[in-house]
Protein chains: 2
Amino acid sequence: MQWREYSTSNCGIARGLDVIGRPWALMVIRELFLGVRRFDDMLARLGASRPVLAARLRELVDDGIVRRVPYREPGHRQRHEYRLTDKGLELYPILTALREWGDRHAIDSEPSVVIRHRDCGAAVSTVLRCADGHGDLTVRDVRAEPGPGARLRTA
Amino acid sequence: MQWREYSTSNCGIARGLDVIGRPWALMVIRELFLGVRRFDDMLARLGASRPVLAARLRELVDDGIVRRVPYREPGHRQRHEYRLTDKGLELYPILTALREWGDRHAIDSEPSVVIRHRDCGAAVSTVLRCADGHGDLTVRDVRAEPGPGARLRTA
DNA sequence: CAGTATCCGGTGCGATACTG
DNA sequence: CAGTATCGCACCGGATACTG
């Protein structure tokens with residue numbers, strides 16, 4: 001397959017990175033998956049600056065990844081916490097695959113977080129599977145081809 | 001689970017992003033997975049500037065994701081092409097999960113690339129699976145807990 | 001506690017030109 | 001074809017201070 005004359009403009013990877021590829025974005029999303037929902041809690045764990053965290057959260061809300069949810073603790077005035085939308089929850093495989101790779105190749109010690117099946121406690125991982133159920137695939141078992149939305153390069 | 005007092009320094013996601021989180025890095029890796037291996041071919045498809053592409057490739061080589069492979073075409077002098085190392089090939093689930101999400105949520109048209117099982121031609125996707133084989137899981141079926149390398153926050 | 005406003009410094013990036 | 005060298009700008013991000 002030669003890709004030279006195909007456009008890369010409507011690539012899901014590129015467009016996905018427009019949304020979650022900014023600095024701190026995936027870190028914020030990781031926090032939300034871990035259940036950290038308050039601004040100052042994220043701030044302390046992330047180490048990002050206030051304006052940057054605020055900007056990322058606002059962008060993620062604009063992109064439909066995160067929603068602001070009002071809440072009120074007794075004796076305090078109303079505040080907001082942040083939660084993932086369904087669209088945001090679907091980012092989980094990306095996070096998991098990235099964590100898996102990073103734990104294996106990019107950290108020196110043991111993993112700091114493990115993901116387990118809620119029911120049985122066994123470790124959870126991401127696998128490649130074909131729609132016909134042919135077990136676990138590796139990159140060598142697959143091929144890429146132009147999809148229905150493929151466009152030719154104009155320039 | 002409360003994560004407030006746990007450190008985020010040895011997180012696989014954070015450390016993984018140190019390597020593949022830079023602008024253009026995943027785009028370069030996408031090209032390599034598609035089989036685009038020559039500098040100027042990537043340059044034309046990516047739209048990045050020469051210095052940036054050169055810098056990313058050098059960093060990816062330094063990080064063990066990419067290797068430079070010498071080749072010679074008849075009548076030309078020796079040149080180099082770029083290929084993924086095994087460590088780089090293991091990034092495939094991340095790319096696939098990101099493509100899946102981006103194709104579903106971040107592009108307007110149909111997907112520009114589809115991934116198929118080489119043997120049967122069926123579509124390939126990433127799924128979450130527990131080590132005990134309990135089928136496909138969603139984020140609601142899993143829980144995160146501190147791993148063996150978890151550290152308490154010092155500050 | 002949860003942000004916003006402002007300023008300022010570094011640097012990453014593209015444009016361009018040059019070299020093997 | 002495959003880079004490297006140089007330059008200048010834009011922008012991003014941290015620090016700080018202020019507000020609801």
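Just so it is clear: chains get the letters A, B, ... in the order the sequence lines come, proteins before strands, and each one is counted from 1. Computation of the quantities below employed the complete heavy-atom set of this structure, encompassing side-chain atoms and omitting hydrogens, waters and symmetry-equivalent molecules.
Closest approach of P93(B) and T126(A) over heavy atoms only: CB-OG1, 4.2 Å. R99(B) and C11(A) get closest at one heavy-atom pair: NH1-SG, 4.4 Å.
Following chains of ILVMFWY side-chain contacts shorter than 4.5 Å, one can reach V52(A) starting from L26(A), so the two form part of one hydrophobic cluster. Each of L34(A) and I107(A) belongs to its own hydrophobic cluster when Ile, Leu, Val, Met, Phe, Trp and Tyr are linked at side-chain heavy-atom distances under 4.5 angstrom. Under a hydrophobic clustering in which Ile, Leu, Val, Met, Phe, Trp and Tyr are joined whenever their side-chain heavy atoms come within less than 4.5 Å, directly or via other members, V28(A) and L89(A) fall into the same cluster.
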> Dot-bracket for DNA chain C: what is it, with Watson-Crick or G-U pairs under 3.5 Å, [ ] where a pair crosses earlier ones, and | for a pair to another strand?
Replying inline: ||||||||||||||||||||
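Applying a 4.0 Å cut-off to non-hydrogen atoms, the residues of residues 47-70 of chain B that approach DNA chain C are S49(B), P51(B), V52(B), R56(B), listed by residue number. Against DNA chain D, the stretch residues 16-42 of chain B makes heavy-atom approaches under 4.0 Å through R38(B), F39(B), D40(B).
Of the candidates R38(A), R45(A), R56(A), E31(A) forms a salt bridge (charged side-chain N to carboxylate O under 4.0 Å, His left out) with just one, namely R45(A).
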> Should H134(B) and V124(A) be marked as a side-chain contact (heavy atoms from CB on, under 4.5 Å) after you check the CA-CA gap, both sets of side-chain angles, and the distance that decides it?
Replying inline: CA-CA 10 Å; H134(B) 290 129; V124(A) 169; over 6 Å; no
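Atom CD in E81(B) sits about 10 Å away from atom P in dA2(D), given to the nearest Å. Atom CZ in R72(B) sits about 15 Å away from atom C1' in dG20(C), given to the nearest Å. Atom OH in Y71(A) sits roughly 8 Å away from atom C1' in dC1(C) (whole-Å rounding). In this structure, the CG atom of L43(B) is 10 Å from the C1' atom of dG3(D), given to the nearest Å. Following rounding to the nearest Å, H80(A) (NE2) and dG20(D) (P) show an atom-to-atom distance of 16 Å.
Under the 3.5 Å distance criterion, with hydrogens and angles disregarded, a donor-acceptor pair is assigned to the side chains of R151(B) and S9(B). If you check the side chains of Y92(A) and R140(B), you find no donor sitting under 3.5 Å from an acceptor.
At distances below 3.5 Å, at least one donor-acceptor pair connects side-chain atoms of K87(B) with backbone N or O atoms of D63(B). A donor-acceptor pair is defined here as one N or O able to donate and one able to accept, closer than 3.5 Å; such a pair exists between the side chain of T85(B) and the backbone of I65(B).
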